[in-house]
Amino acid sequence: MSSLCNGSQLTSQKDSSRNENARRRWKLLARVLQKRDCDWIIKDVSVRRFSHFGLIVPCPLPELDLQYGESLWFAYSTVANGKFSVNIKHISKKISANDLMGFNNTGNICVWPSEEVLAYYCLSNLNMFSGKSVIELGGGMTSLAGVMIAKYTTALRVFLTDGNVLSVNNVQHIINHNNFGSSIVTCAVLEWGVRMSYENAQNKYDIVLCADCLFFDDVRKDLVDTIWAVLNENGVGLVMAPKRGDTLEKFLEEAKKKFHCTLDHYYNEQVWNRHLELKNNCEYDEDIHYPLLLQLRKIYTNGIGPEC
Ligand SMILES: C[S@@+](CC[C@H](N)C(=O)[O-])C[C@H]1O[C@@H](n2cnc3c(N)ncnc32)[C@H](O)[C@@H]1O
């Protein structure tokens with residue numbers, strides 16, 4: 001048998017090696033994102049042209065990048081008036097393969113539009129946080145909403161958390177490079193459904209924040225239980241997330257077993273107007289981009305809540 005190839009065989013070999021490379025890249029991305037539950041994110045990243053609502057936008061801060069040698073620091077500012085602005089660090093693209101293979105990394109890719117919108121919603125309702133204790137769950141590499149609250153409200157304390165240690169280390173840099181008012185601001189790893197992690201939270205909180213965390217099938221119930229565990233009796237959970245198929249619906253079903261739930265499409269005039277404008281943009285897909293606001297309040301029957 002001859003080992004020489006003719007032209008069309010060469011082309012088909014090139015095609016198949018290109019396909020193989022593409023397959024490998026997708027496999028790596030899937031592994032980076034920790035396979036399970038991340039189909040939604042893979043779909044989102046693969047068509048990712050819509051990245052934010054243009055309500056809070058990043059502008060590079062080269063003076064803070066000196067020690068990093070790549071652009072990692074940004075001023076995230078409200079567009080309407082620039083009145084609200086915080087220093088935010090992204091995660092370096094040069095993180096090691098070991099880091100990437102670890103805990104779910106969806107929060108280290110970008111600031112997801114739901115986080116931007118949650119931050120914007122909080123800035124539009126500053127008084128809601130006066131004298132309150134606030135915890136953010138699954139805040140990713142920035143916990144943007146919690147950071148804005150820490151800087152611009154008179155919240156008592158703000159606790160920023162995620163299950164991913166890289167994300168939390170990044171948030172610690174962000175805490176170190178912002179001037180917060182009177183709020184006590186801390187961060188730590190908190191993994192949903194892990195009781196030791198709840199104990200990290202030390203106290204219960206008046207307000208729980210959470211953005212775009214409802215599509216993880218395996219830990220959906222854990223997230224509901226965690227919100228229950230860290231929320232005060234009269235507290236409120238502010239959960240911002242797009243529908244992403246039936247994932248929001250499934251979370252709602254689980255949450256209704258323990259909480260009074262209200263789900264709003266229209267919760268902020270500016271966000272709604274942006275949404276209507278974006279509907280004409282072919283890069284905008286309402287199902288994966290427009291976040292709905294779910295508010296959770298504990299149900300108590302005869303003063304006793306459902307078992308955690
Ligand atoms: C899509 S990201 C959203 C991050 C951020 N809220 C945002 O919108 O930019 C989902 C976040 O959930 C976190 N997460 C996933 N499973 C978790 C778990 N079991 N415990 C704690 N955090 C978890 C991930 O680390 C990630 O930061």
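Counting convention: from 1, in listed order, for ligands and their atoms alike.
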Y267 and W272: CA distance, side-chain angles, deciding distance, ring pair (Phe, Tyr, Trp, His ring centres under 6.0 Å) verdict: CA-CA 8 Å; Y267 44 83; W272 184 253; 8.3 Å; no
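Ligand 1 places these atoms under 4.0 Å from at least one heavy atom of N164: 25 (O). Against a heavy-atom cut-off of under 4.0 Å, E191 is close to the following atoms of ligand 1: 19 (N), 20 (N), 21 (C). For ligand 1, the atoms sitting less than 4.0 Å from at least one non-hydrogen atom of C213 are 10 (C), 11 (C), 12 (O), numbered in the order shown with element in parentheses. With ligand atoms numbered from 1 in the order given, ligand 1 contributes 24 (C), 25 (O) to contacts under 4.0 Å with heavy atoms of N104. Interface of V111 with ligand 1, defined as ligand atoms under 4.0 Å from a residue heavy atom, comprises 9 (O).
Contacts between L190 and ligand 1 below 4.0 angstrom, taking non-hydrogen atoms only, involve the backbone exclusively.
Cation-pi check for R244 over F215 is met; the charged atom lies under 6.0 angstrom from the ring centroid and within 45 degrees of its normal.
With distances taken over non-hydrogen atoms, the option nearest atom 20 (N) of ligand 1 out of W112, F216, F215, W192 is W192.
For Y290 and H265, the gap between ring centers reaches or exceeds 6.0 Å. Ring to ring, W73 and H177 are close: their centroids are under 6.0 angstrom apart.
A side-chain donor-acceptor contact under 3.5 Å links T226 to the backbone of G193.
Remark: S124 engages Y120, N268 in a side-chain contact (heavy atoms from CB on, under 4.5 Å) (not counting sequence neighbours).
Polar contact check, G163 against ligand 1: a nitrogen or oxygen pair lies under 3.5 Å apart. Checked by distance only, ligand 1 and D162 come closer than 3.5 Å through their nitrogen or oxygen atoms. In terms of N/O distances under 3.5 Å, ligand 1 is approached by E115. At under 3.5 Å, a nitrogen or oxygen of A211, whether backbone or side chain, sits near a nitrogen or oxygen of ligand 1.
Counted by atom type alone, T142 and E115 present zero donor-acceptor pairs between their side chains at under 3.5 Å. Counting only N and O atoms by type, the side chains of N232 and K204 include no donor and acceptor under 3.5 Å apart. A donor-acceptor contact closer than 3.5 angstrom links the side chains of N176 and Q172.
The closest approach between any non-hydrogen atom of G139 and ligand 1 is below 4.0 Å. Within the structure, ligand 1 lacks S167 among the residues with a heavy atom less than 4.0 angstrom away.
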